[in-house]
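First up is the structure itself, then whatever we jot down about it.
As the structure is a prediction and not an experimental result, all values here were calculated from the model. Start at 1 and go down the list; that is how both ligands and their atoms are numbered.
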Amino acid sequence: MDQATKKTVKTFCYQCVAGPDLMEIEVENGTATRVEALYGIQDAHPGGGRVCVKAYGLIQKTYNPHRIKAPMKRTNPIKSKDQDPGFVEISWDEALEIISEKLKNIIATGLTDSSGYPRVAASFGGGGTPTQYMGTFPAFLSAIGNVDLGFGAGQGVKCYHSEHLYGELWHRAFIVAPDTPRVNYILSCGHNGDASTGVAGIWRHADARDRGMKRVQVEPHLSVTGAVSAEWIPIKPKTDAAFLYGVLNRIICERDWREVCDIPFLTEDTNAPYLIAPNGYYLRDPKTKKPMILDLADNKAKPFDADITDPAMEGSFKLSGLEIGADDQTWDHQTAEVKPAFQLLIEHIKPYTPEWAAKECDVPADQIRTVGDEFLGQACIGDTIEIDGETLPYRPVAVLLGKTVNNGWGGYNCCWARTLLLCLVGALEVPGGMMGTNVKLNRPGHNRFASAVKGPDGFMDYPFNETSKEKWNSDPHIRNAYRTLVPLAADSAWSAALGPAHLPWLFQKKPPENWPVPTKPDIWFCYRTNPAISSWDAPEVAKRVAEFPFIVAFAYTHDETNHFADILLPEATDLESLQLIQVGGTKYVEQFWTQQG
Ligand code: SF4
């Protein structure tokens, strides 16, 4: 081989959300022949300059003979699984001409149809990786203005859906991760991180294990993560919520919570001492309308932000005050039986004994107790750590949830139980504990702390979608109706994807009573995603896709969804992309760089 035709090119792999990771490609006569890790940046890169095995597959991916390499148009007007679409190659000019003619007609007719829905729709692949490759496409969509981004591409099937919504509320973060360099004990329910957190995550966990961090892996089968954990606890599939409730019962009901929990954290940073009135809402001060706490020092109920010496955490009391419910329904209690929220928590958790949990999840009761005791033993309640001259609480325990654990049945309960475990020992958003990584639903997107402001009741404020009678969005503005149906989805650029993204597909066939007529978008852009294979009910979604009148699909190969497309536009792989991608800072899961740029 003539050495002059051989060169190396530095580039990135961003094939999954655990990236981007940097690499070097050997190119011979214009053909990529070899992928190498970029060890030259090992001191800066959180994964020691490595790429994972998927990056090495980029050469096969690039030279896959089945790739779509040029724009194509459909010649068979019948869209069906059994029909050959008859794609023929066309020039870029012709492809763009066809698309722009369609769009011009739509804009001339009006961007909103008779049901109040956008005539233009677009769906993207999961995890945010596709958006990194979009280049000017978001600007193009935003220039159109009214675009329905709510047709799901399998959200909930393939992402950590419950955790995202829950995390934004509790951590102000879409994804949470342990403070791996400092954590000493991780309870991992089905989180297969050694297969899925990329080179950076695997490297960080290996380092942590090397210095003695104990990871307990709870999962039905022995994954690679379980195999390198200190302990594997086999469990019946989809019963993790029962297991976690058993651990909670051990801590709250069997141990003396007054001795083993982080009481200052519970009283100052949670609603544990807030008084709950008979209808389940806070007991409020009639003057300020603020939730109240009973101060045992003088036996007086006071607004939560008053000087309170000894907040009541348990018991039942007869007190007066206001209770304000949904739609401002108000009860003026002269003497009502009220309880601190923590008392209600004790009562709620009481039935879920380790014995009860053992029957549900097949983990022996004593093993559940041991996990609870170990978690408490490692939490270092009361300890502090100095970081950059600041003294902060130090709670080196964390709880990880795998994808199927925090999705579907029991997913919400697992997220709740995990967050509660962290609250009990004060390991939420402190060194050593569970931390948020980045933010998606709240804005600004570049700084998750900027929106973490105190609301009127003393908790982190949240831009819920309106539920009041006057302001509720009764007319869905897009087909998944997230503003109408999901208060927690908020209303930012990511909210459509985090809303009920399966509903537009379902409602195409059978909408609820009094629902707007389920129109199809006049044009649907399908970008780096294949919902006809990745949705809950993929065959049904494929049928609905086939009914769409005009589809533009960005295509790597011919697939189950773009089979129904009218225009195919070829996709580039990482080895061909000229996309500028930001590296550094904090990415998803465990991608924490100290540098940024
Ligand atoms: S972990 Fe890094 S190298 Fe591996 S596929 Fe993801 S981005 Fe690429």
message: For Tyr556 and His66: C-alpha separation, side-chain torsions, deciding distance, then whether ring pair (Phe, Tyr, Trp, His ring centres under 6.0 Å) applies.
response: CA-CA 8 Å; Tyr556 165 64; His66 302 294; 9.9 Å; no

- request: Decide yes or no on ring pair (Phe, Tyr, Trp, His ring centres under 6.0 Å) for Tyr166 and Trp416, but give the supporting numbers first.
  value: CA-CA 8 Å; Tyr166 213 90; Trp416 179 80; 8.6 Å; no

- request: Determine, step by step, whether Thr197 and Glu590 satisfy the side-chain hydrogen bond (donor to acceptor under 3.5 Å, both in side chains) criterion, reporting the C-alpha distance in whole Å, the side-chain angles of both residues, the deciding distance to 0.1 Å, and the verdict.
  value: CA-CA 7 Å; Thr197 53; Glu590 300 255 6; 5.9 Å; no

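Just one of Val218, Val397, Ile233 meets the side-chain contact (heavy atoms from CB on, under 4.5 Å) condition when paired with Leu187; it is Val218.
Protein N/O/S atoms found under 2.8 Å from atom 8 (Fe) of ligand 1: Cys13 SG.
Aromatic ring centres of Trp524 and Phe554 lie farther apart than the 6.0 Å criterion allows.
In this pair, Tyr527 and Phe124 present their aromatic rings perpendicular. The plane angle is above 60°, beyond the 30 to 60° band.
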